[in-house]
Amino acid sequence: MDFQDYKDIWVFIEEKDGVIAPVSLELLGAGRKLADKRASNLAGVLIGENVKNLASTIFEYGADIVYVYDQPIFKHYRTESFMKALLDCSNKYKPEIILYGATSTGKDLASAVATDLPTGLTADTTELDVEEETGLLLASRPAFGGNIMATILCKKYRPQMATVRAKVMKALTPVRGRMGKVIEENIALAEEDIRTKVLEIVKETTKKVRIDEADIIVAGGKGLGSAEGFQIIHRLAETLGGVVGASRDVVEAGWVPHAHQVGQAGVTVTPKIYFAIGISGAIQHIVGMKNSGLIIAINKDSEAPIFESCHYGIVGDAFEIVPILIEEFKNALTREEVSHVREV
Amino acid sequence: MSEKFDAIVVGAGPAGISCAHDLAKGGANVLLIERGEYPGSKNVMGGVLYRKMMEDIIPEFYKEAPLERPIVEQRFMMMEKESALTFSYKGLEWAKEPYNNFTVLRAKFDQWFADKAVQQGAILINETVVLECIVEDGRVVGVRTDRPDGDVYADVVVLADGVNSLLAQSLGFHKEYKPNEVALATMEVLKLDKKIIEDRFNLEDNQGCTIELFGDATKGIVGTGFLYTNKDTLSLGVGTLLSGLIKHKIKPYELLEYVKNHPMIRPYIQGSEPQEYLAHLIPEGGYNSMGKIVGDGVIVIGDASQLVNAIHREGSNLAMTSGRLAAETVLLAKEAGDFSERMLDHYRVKLLDGFVGQDMKKYKDSTHHFEKFPQYFEQYIPMVNRAASQMFTVDGSSKWEKQKKIMKDLGSTKEKFKLARDIYRAWKVVK
Amino acid sequence: MLHIVACIKQVPDTKIIKMNPKTNTMDRRTAPAILNPYDAHAVEEAVRIRNRYGGTVSVVTMGPPPAVKAIKKCIEIGADEGYLITDRRFAGADTLATSYAVTKAIEKISKTNPVDLIICGKMSIDGDTGQVGPGIARRLDIPPLTSVNKVVEVNQEKGYAIVHRKFEDGHEVVQSTLPCLLSVEKTINEVPYSTFPNMLKAAKYEPYIWSVDDLEDVDIKQLGLKGSPTIVSKVWTPSKPEGGTIFEGNAKEQVEQLLSIILEKKELFTVKEES
C-alpha cells in the first residue's frame with residue numbers, strides 16, 4: 001500500500017428528507033482544519049436521491065470537492081447500497097481520512113466499509129488531530145468505562161476512518177457563494193443486488209424528549225440515591241422550564257428512560273444552563289455536556305470531579321439545596337416580575 | 001423438577017462449601033445454592049483462616065489458594081483513650097510451611113474454595129434464594145427457590161444459610177436470636193501500599209500480623225476489634241454484642257469511625273483508602289444458644305447453628321469442621337439409605353464430642369459472663385493501662401512508691417476483693 | 001428448524017468498577033467479569049424467536065478461558081449451546097480482528113448446522129463501539145441490520161426476516177433476506193429471571209472450547225494484535241478544566257448567590273400566566 005496515493009480529507013454527508021444532518025456540517029468544520037494542516041482538499045461524499053442541490057451548502061461549510069451519487073436506488077439508507085457507493089468512491093479517489101457522524105447511520109455505514117476495505121475505524125471520537133508530516137490521524141475518545149481518554153491510531157492502513165460524536169465539533173460559519181468542484185459518480189447497482197428493502201418509515205408522533213435541543217437541562221446522578229430521590233430533578237426542571245437529563249448510572253438503574261442520558265453513551269448536549277446534581281462527573285459524562293453555556297454542579301462530595309468541570313458549584317446535600325432553590329426561584333419570579341412572556 | 005439430588009446445601013459460605021466439597025468428593029450428587037452473585041460476595045468473616053481445619057478438607061491448600069499473608073505475629077492490645085498495653089507473640093516458625101494461619105479476603109478465597117467443590121462434582125447455583133424447605137410428612141424433602149419452576153428435591157437438605165437462618169427458624173429449630181446472642185461486626189478494607197504495610201507492622205514480604213483490640217476499641221462495650229494485614233490492604237473491624245450497641249445507643253459505623261480515629265490505631269492506617277465497607281451478624285450466644293441442629297432429612301451447620309467460639313473468634317473454623325462432619329454423616333446415611341433424624345444425629349454427636357463441641361461447651365458462659373459484668377471492659381482495662389503508665393513513667397519516684405500508687409488505684413479493700421473475684425471468674429470461663 | 005447464533009462478550013462490570021480517584025484510572029482487579037448487558041438482550045431475543053418458530057440457539061464468544069461464565073449465563077437465559085474461542089493468538093484484537101475470528105467460529109458452527117440468523121447486542125460496555133456485529137455480517141457477506149428494536153417475523157421457508165430499525169425520530173420497517181445479522185437495542189425485550197431448570201442446565205453445561213487450530217482456513221496474520229489496524233497510542237487523563245467558583249455560606253446563602261447568576265439569563269425563563 002503506497003500511502004502517497006492517499007490524499008484529502010473526506011466527510012460522509014448524512015442526509016434525510018433533503019436536509020443535511022447537523023453533525024455532517026460540524027465534521028466539515030473539523031475536517032477543514034485537518035485538510036488545511038495537510039494542505040489537502042476537504043471533500044464531502046453525498047449519497048441519495050435528488051440530493052445534488054445540497055452540494056452548494058457543503059461548499060459553503062468548507063468543502064472543496066463534493067462527490068455525488070444521485071440515483072433512485074439511494075432513496076433510503078441501506079447499508080449494502082451506500083457501502084457499495086462509498087467503497088467505489090474510496091477505491092477510485094483514495095482519501096487519506098474519512099469521517100462519519102457517530103449516528104446510527106454513520107456508525108452502521110462506517111463499520112461495514114471498514115471491514116470491506118479493510119481498515120481501522122475508531123468509534124465515537126471526541127477529539128481529532130492530524131500529524132502534519134505523516135497524515136496520521138489522532139482520534140481520541142473516552143475509554144475503559146469513560147474515565148480516561150485514549151488516542152487511537154491506524155498506522156498501516158489507508159484510508160483512516162473515525163466516527164465522531166455530534167455536537168463536539170464546531171461547524172464553520174457558512175460563506176455564501178463559496179464554490180467548489182462537483183464530481184458526479186454513478187454505479188451500476190440494480191434493486192435485485194440489494195438484499196434489504198425498506199417497507200415503511202414510521203415517524204414517532206408522540207412528543208419525545210429532545211434533550212439536545214433544550215436551553216435548560218437539569219440532570220441528576222446516582223448521588224440522589226433512588227428513583228424517589230430523583231423526583232427532585234423533575235421538580236426543579238419543571239420549575240425552571242427545563243428538561244430532565246441523567247447520568248449513565250441512573251439510566252441503567254431504570255430511574256429514567258435512555259432518551260434522557262447525557263454523555264458518551266447517550267446524547268451530547270449544549271444547553272444554555274446545565275445543572276449536574278448528584279453527578280460525580282466521570283469523563284464519559286463530561287464529554288456530553290462540557291460545551292454547555294453555564295454549568296452548575298451540586299454535590300455532597302467536595303472532591304467530586306464535577307467541580308472541576310463546572311462554572312459554579314455548591315458543596316451540599318441536594319435534598320437540602322434544591323427545595324430552597326425551587327422556593328427562592330419562584331419567589332424571585334413573582335418579586336421581580338421577570339420578563340413575563342405571556343403564552344397564548 | 002424430575003432430577004433429585006442426594007443432598008442440597010443451602011448457602012455457599014465456609015460451612016456450606018466444606019460440606020458440598022466433601023459430599024461431592026465422597027461421590028454424592030450434591031447441589032449447592034447461593035443467594036449472592038458468587039460465593040463470598042456476601043461474606044465478611046474477620047479474615048483469618050486456620051490452616052489445620054482447612055487442611056482437613058483440602059491438604060496443602062496453601063500452595064494454590066488465594067491467601068493474603070501467613071500470620072507470623074499476633075498482638076493483643078488493651079486500649080484506653082490515649083494509651084494501650086500490648087502483648088504479642090511473633091514466631092518465624094509460622095512464616096514457613098505448613099504455617100499456622102493466614103489472613104484472607106473472603107470474597108476471593110470463597111470463590112476459589114467453591115471452585116474446588118465444583119471440581120469435585122458439586123453443582124453450584126448462584127443468585128438464587130431458597131424461600132423455604134419443602135416438608136412432607138414431617139420430613140424435609142427439598143427446597144423451594146424464588147425462581148420459576150423452582151422446587152428441587154433431595155434426600156437431605158443441609159442448611160448453611162448463616163446466622164439468621166430463617167430456614168432453621170421456620171422448621172422450629174430455634175427462636176429468633178436475642179440481641180445478646182448476636183454480635184454485629186462492621187469492617188472496612190483499607191487500601192495501602194504493600195511496602196508501607198510491611199514497614200508499619202515490621203514485616204517482611206509474605207508475612208502477616210493480626211492485632212486484636214480490647215477495651216476502648218469498642219468504647220468499653222462487650223466485644224473486640226481487629227486489625228489484620230493483607231497483601232496490600234488492611235482489614236479493620238469492630239464487633240460488639242447487639243445488646244451493647246442498643247444499650248449505649250451507638251450505631252455500628254460510628255464505632256468503626258471511632259476506632260479509625262483512635263490515636264492508637266490511626267498511625268497504622270494513615271493514608272489508606274477505604275475500599276469496601278461490610279457489616280455482618282455473628283452468632284455469639286455459644287453453646288447455650290444452640291437450638292436443634294438435626295431433623296428428618298435436614299442438618300444445620302456453621303453460623304446457622306450458632307457455631308462460634310466467642311472468645312477465640314474462630315467461627316469459620318468451627319463452620320468448616322461442622323461442614324466436614326455433616327458431609328461424613330450424610331455419606332453414611334446415603335450408604336444406609338436412611339435419612340431419618342436418628343441416623344443424622346451422628347452429626348450432632350460427632351460435633352459435640354469433637355473439639356468443636358468441647359470448645360463450645362468450655363466457653364459456653366464466656367460471652368454472657370462478660371456481658372453480665374461489664375466492669376472487665378469498662379474498668380479493668382483502663383486500670384491496667386494506668387498501672388502500666390505508673391510503672392514505666394520515669395518521674396523520680398521509686399518502684400515501691402509506684403506499686404503503692406497502683407494498689408491505691410485498685411480501690412478500697414472491698415473493691416480489691418471484687419477485682420480478685422472477677423479475675424478468678426474470668427479465668428474460669430476462658431481457661 | 002431455525003439455527004440462531006448470538007454473539008456475546010464477557011466484560012468487566014464498568015458500573016461497579018472502582019476508580020482510583022488520584023490517578024483517575026480503573027482498578028481492573030476489582031471489576032468482576034459479567035455478560036455484556038446488551039448481549040443478554042441479544043440472547044433473549046434469540047431464545048424468543050426459537051420459542052416461536054422452533055430451532056436452536058447457539059452462543060459464540062471470543063475471550064479468555066473464564067469467559068465460560070458468560071456462556072453459562074446465556075444458557076441460564078435459555079440458549080442451547082455455547083462456543084468459546086480462546087487462544088493467546090487472539091489477544092489484543094481490535095474490532096476488525098475480532099470480527100474476523102468470530103466469523104471463523106461461525107463458519108465452523110455452520111458446517112454442522114447452517115446458520116439462519118445472527119444476533120448481536122448493540123455494543124459492549126467496555127469497548128462502546130458497536131462495530132463487531134456489522135463487521136461479522138460483511139465478512140459472511142450477509143446483510144447487517146443495526147439498531148433493531150423489534151423482530152416482526154422470521155420466515156425460514158421463504159427466506160426472509162422483517163424487523164424494525166430504530167432511528168432518532170422513529171423507526172423503519174425493513175425486510176431482509178436470510179441469513180442476516182441483527183444488532184439489537186436494549187429496548188427490544190426484557191430479560192426475565194431465569195428458571196431453575198435453566199440454572200441447573202447452565203451449572204452443568206460445558207461449552208465447546210476451540211483454539212485457533214480448531215478453526216479452518218485461518219489467516220494468522222488477521223488475528224489479534226497483528227491483525228488489528230488500530231492501536232491505542234496513549235491513554236491520558238484530559239487536562240483538568242480550571243474548575244468553577246464554589247459558593248460559600250450556608251445552604252440558603254449558597255442558593256441566593258446561585259440564583260443571582262441564573263437570573264442574569266432571565267430571557268430563558270418563561271412564565272405561564274394563569275388567567
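Chain letters run A, B, ... following the sequence lines, proteins first, then strands; residues in each count from 1.
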Checklist line | Step-by-step salt bridge (Lys or Arg N to Asp or Glu O under 4.0 Å) determination, A:R195 to C:D141 | finding: CA-CA 11 Å; A:R195 292 171 290 186; C:D141 193 20; 3.0 Å; yes
Notebook entry, point to check: Would C:D126 and C:S124 count as a side chain to side chain donor-acceptor pair (under 3.5 Å) if you check the C-alpha gap in whole Å, the side-chain angles of each, and the deciding distance to 0.1 Å?
Noted result: CA-CA 5 Å; C:D126 61 339; C:S124 67; 3.0 Å; yes
Margin query: Is there a side chain to side chain contact (heavy atoms under 4.5 Å, CB included) between A:M149 and A:E127? Walk through the geometry before answering.
Written below: CA-CA 10 Å; A:M149 295 286 289; A:E127 286 181 32; 3.9 Å; yes
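Only the side chain of A:K16 comes within less than 4.5 Å of a heavy atom of chain C; its backbone N, CA, C and O stay farther away. Contact annotation for A:Q264: only side-chain heavy atoms (C-beta onward) come within less than 4.5 Å of a heavy atom of chain C. Residue C:K122: no heavy atom, backbone or side chain, is found under 4.5 Å from chain A. For chain C, the nearby parts of A:E200 are the backbone and the side chain; heavy atoms of each come within less than 4.5 Å. Both the backbone and the side chain of C:T177 come within contact range of chain A, judged by heavy atoms closer than 4.5 Å. Heavy atoms closer than 4.5 Å to chain C are found in both the backbone and the side chain of A:Y312. For a residue to count as touching a neighbouring chain, one of its non-hydrogen atoms must lie under 4.5 Å from one of that chain's; by this rule A:S302 does not touch chain C. Neither the backbone nor the side chain of C:E248 comes within contact range of chain A; no heavy atom of the residue lies under 4.5 Å from a heavy atom of that chain.
When each of A:A110, A:A114, A:G120 is scored by its heavy-atom pairs under 4.5 Å with chain C, the top score falls to A:G120. Ranking C:T95, C:I162, C:I142 against chain A, the residue ahead of the rest is C:I142, based on heavy-atom pairs under 4.5 Å. Each of A:I298, A:I321, A:L138 has some count of heavy-atom pairs under 4.5 Å with chain C, and the biggest count is that of A:I321. Ranked by heavy-atom pairs under 4.5 Å with chain A, the list C:S176, C:A251, C:S228, C:P143 is led by C:P143. For chain C, the option among A:T196, A:I296, A:L153, A:V198 with the highest count of heavy-atom pairs below 4.5 Å is A:L153. Looking only at heavy-atom pairs under 4.5 Å with chain A, the residue among C:L145, C:L258, C:I246 that has the most is C:I246. Highest contact tally toward chain C, considering only A:I201, A:D116, A:D215, is held by A:D116 [criterion: heavy-atom pairs under 4.5 Å]. Taking chain C as the reference chain and counting heavy-atom pairs below 4.5 Å, the highest number among A:H258, A:R141, A:H76 is found for A:R141.
Remark: C:K226 does not engage C:D94 in a salt bridge, criterion side-chain N to carboxylate O under 4.0 Å. Between A:K107 and A:D124 a salt bridge is recorded (basic side-chain N to carboxylate O distance below 4.0 Å). Salt bridge present: A:K203 and A:D17 bring a charged side-chain N and a carboxylate O closer than 4.0 Å.
Inter-residue side-chain proximity for A:C310 and A:L294 is flagged as unmet; no heavy-atom pair is nearer than 4.5 Å.
Put simply, the residue from C:K166, C:K150, C:R165 that forms a salt bridge (Lys or Arg N to Asp or Glu O under 4.0 Å) with C:E172 is C:R165.
A cation-pi arrangement is absent between C:K9 and C:Y38 under the rule of less than 6.0 angstrom and at most 45 degrees off the ring axis.
Expressed to the nearest 0.5 Å, how far CG of A:D108 lies from OG1 of A:T79 amounts to 3.5 Å.
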